[in-house]
There are 2 protein chains.
Amino acid sequence: MQTEHYNAYSFLLERTARRVKQYAQYQFNCGEFGITVDQWSILKKLRQHTDLSQKELAEHCGKDQPTLTRIVDLLVRKNLVERRANPADRRSFVVHLTLQGKQKIDTLAGNISEIRMQAWKNLDQTDFEHLKRILNTIYDNLEIK
Amino acid sequence: MQTEHYNAYSFLLERTARRVKQYAQYQFNCGEFGITVDQWSILKKLRQHTDLSQKELAEHCGKDQPTLTRIVDLLVRKNLVERRANPADRRSFVVHLTLQGKQKIDTLAGNISEIRMQAWKNLDQTDFEHLKRILNTIYDNLEIK
DNA sequence: CCACTATATTTGTCACACTAATTATTGTTA
DNA sequence: TAACAATAATTAGTGTGACAAATATAGTGG
């Protein structure tokens, strides 16, 4: 690899990630979904693994704990989730989807899949495999001891 | 492409972009570089194209104008750049590297190249070409009209 | 020249990332 | 059991990103 690349990839990566998020948020706003993209990622994870602790939820979603605390605050304020005492550990809560939260997910899931699909025009399965492999390699290369 | 992918790529992309930035910032902090990763990207662009207006600088760096205003504020406070009147247009400034700014860039450029290189362990030129092509395709697919 | 529109920058607000510090609780070990 | 370290969650502070609105100046068409 020549040196000039080492500066380009971070720019491309950040720029693309930002656009992916911005595009999705724009569509969320147009459709008046009433949540942010990051809030959606939490809801969706809860639909798969119900009643996770905040720490577990943060790990699954790739967020840090302070960020997760605040996202959960916002979701609680919107009555989409609630904090429930964790009987096994009084330091922690489990985050529980409300009925309203489940309904929100079921209502939006189809729309959001379509929004996400838009990125893959002109790309195929092989491209996805490449992207996944390269991104995961970079991710592993940069672990902080 | 099957549907499950359409939700995975955004997670991978954001996660990787975040780690790239976090890793670089961590190394910046360890080395007491005294700037953030985003501030560095502005300085480096100014080293290539001197005295850009804030609007031009924002475009080159892929930042929006309010964000750029604030980053320039921080760089001014650190005496690394200064705002100079644009004789051609009194609405705008040109951002000018101070001597101190130039010295900072020259001092850090080598270290930062090395930090950036770390991401490419176990990857080659072809991987870079794939990544560039795929990210740029996604970027173009998601333009907001 | 005047009104109108467009542009460059700034400010404000909300959301999120990262770090460090704090609080409450748990686990461990002397 | 009492001191100690580890952990879950929170809070605070700074930086950045997106969007909207405000201000000042520039350009344009009548």
Side-chain angles (χ1 to χ4, degrees), chain A residues 10 14-30 33-42 52-59 61-78 83-95 142 144, chain B residues 10-11 14-30 32-42 52-59 61-78 83-95 142 144:
Chain A
S10 62
E14 220 191 293
R15 179 174 92 145
T16 309
R18 245 184 309 117
R19 175 157 286 191
V20 164
K21 190 172 194 170
Q22 187 197 5
Y23 177 81
Q25 190 62 59
Y26 174 79
Q27 299 295 345
F28 276 37
N29 294 343
C30 289
F33 292 180
I35 53 175
T36 67
V37 172
D38 295 283
Q39 289 161 23
W40 170 253
S41 74
I42 307 298
L52 294 173
S53 76
Q54 295 191 188
K55 181 180 174 54
E56 292 165 334
L57 197 48
E59 277 163 8
C61 298
K63 309 261 174 218
D64 56 39
Q65 283 196 42
T67 298
L68 194 98
T69 291
R70 282 169 193 132
I71 295 179
V72 170
D73 285 344
L74 294 171
L75 291 173
V76 168
R77 219 192 297 156
K78 293 174 183 178
R83 287 187 170 92
R84 291 188 172 176
N86 183 345
D89 186 341
R90 282 193 299 173
R91 290 171 302 182
S92 98
F93 298 105
V94 295
V95 184
L142 300 184
I144 296 177
Chain B
S10 61
F11 174 78
E14 219 190 294
R15 178 174 94 142
T16 309
R18 240 179 319 113
R19 175 157 286 191
V20 165
K21 191 171 190 170
Q22 187 197 5
Y23 176 81
Q25 190 63 58
Y26 174 79
Q27 300 295 343
F28 276 36
N29 294 342
C30 290
E32 299 185 329
F33 292 0
I35 53 174
T36 67
V37 172
D38 295 281
Q39 289 161 22
W40 170 254
S41 74
I42 306 297
L52 294 172
S53 76
Q54 295 190 186
K55 181 179 173 53
E56 291 166 334
L57 198 49
E59 278 163 9
C61 298
K63 312 251 174 225
D64 61 16
Q65 285 196 43
T67 299
L68 193 97
T69 291
R70 281 162 197 150
I71 295 178
V72 170
D73 285 344
L74 294 171
L75 291 173
V76 167
R77 219 193 295 157
K78 293 175 184 179
R83 288 186 169 93
R84 291 189 171 176
N86 183 345
D89 186 340
R90 282 194 298 173
R91 290 170 303 181
S92 96
F93 298 105
V94 295
V95 184
L142 300 183
I144 296 177

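In what follows, chains carry the letters A, B, and so on, assigned in the order in which the sequence lines appear, proteins first and then strands, with residues in each chain numbered from 1. Note that the coordinates shown come from a computational prediction; the quantities given were computed from them, not determined experimentally.
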When we call it a touch if two heavy atoms are under 4.0 Å apart, what does [X] touch: a base, just sugar-phosphate, or nothing?
X	result
B:Gln22	sugar-phosphate
A:Thr36	sugar-phosphate
B:Leu68	nothing
A:Phe93	sugar-phosphate
A:Glu14	sugar-phosphate
A:Ser92	sugar-phosphate
A:Arg19	nothing
B:Gln54	sugar-phosphate

Are any of A:Thr67's side-chain N or O atoms less than 4.0 Å away from OP1 or OP2 of C:dC16?
no
For D:dT11, does OP1 or OP2 lie under 4.0 Å from any side-chain N or O of A:Gln65?
no
Comparing A:Arg91 and B:Pro66 on DNA chain C - which has the more 5′ nearest nucleotide:
B:Pro66
On a plain distance test, is the side chain of B:Arg70 in donor-acceptor contact with the base of C:dG12 below 3.5 Å?
yes
Atom-pair distance ([atom1] on [X]; [atom2] on [N]), nearest Å:
X	N	atom1	atom2	answer
B:Asp38	D:dA18	CG	P	11 Å
B:Lys78	D:dT14	NZ	C1'	10 Å
A:Trp40	C:dC16	CH2	C1'	19 Å
B:Asn29	C:dT19	CG	C1'	9 Å
B:Arg90	C:dT9	CZ	C1'	15 Å
B:Lys21	C:dT19	NZ	P	12 Å
A:Arg83	D:dA8	CZ	C1'	12 Å
B:Asp64	D:dA20	CG	C1'	12 Å

Polar side-chain atom of A:Glu14 near backbone of B:Ala17 as donor-acceptor pair, under 3.5 Å:
no
Check: A:Gln22 side chain, A:Arg19 main-chain N or O, donor-acceptor pair, under 3.5 Å:
no
Take A:Lys55 and A:Gln25, find for each the nucleotide of DNA chain D with the closest heavy atom, and name the residue whose nucleotide sits nearer the 5' end.
A:Lys55
Exactly one of A:Thr16, A:Thr36, A:Asp38 should register a side chain to side chain donor-acceptor pair (under 3.5 Å) with A:Lys21. Which one does?
A:Asp38
Taking the minimum atom-to-atom distance to the side chain of [X], which one of [options] wins?
X	options	value
B:Ser53	C:dT10, D:dT10, C:dT9	C:dT9
A:Arg18	D:dG15, D:dA18, C:dA17	D:dA18
B:Asp89	C:dC18, D:dT25, C:dC16	D:dT25

Side chains of B:Asp89 and B:Ser92: any donor to acceptor distance under 3.5 Å?
no
I need the minimum non-hydrogen distance between A:Gln25 and A:Ile35, along with the two atoms involved.
NE2-O, 3.5 Å
Parallel, tilted or perpendicular: which one describes the rings of B:Phe28 and B:Trp40, with boundaries at 30° and 60°?
perpendicular
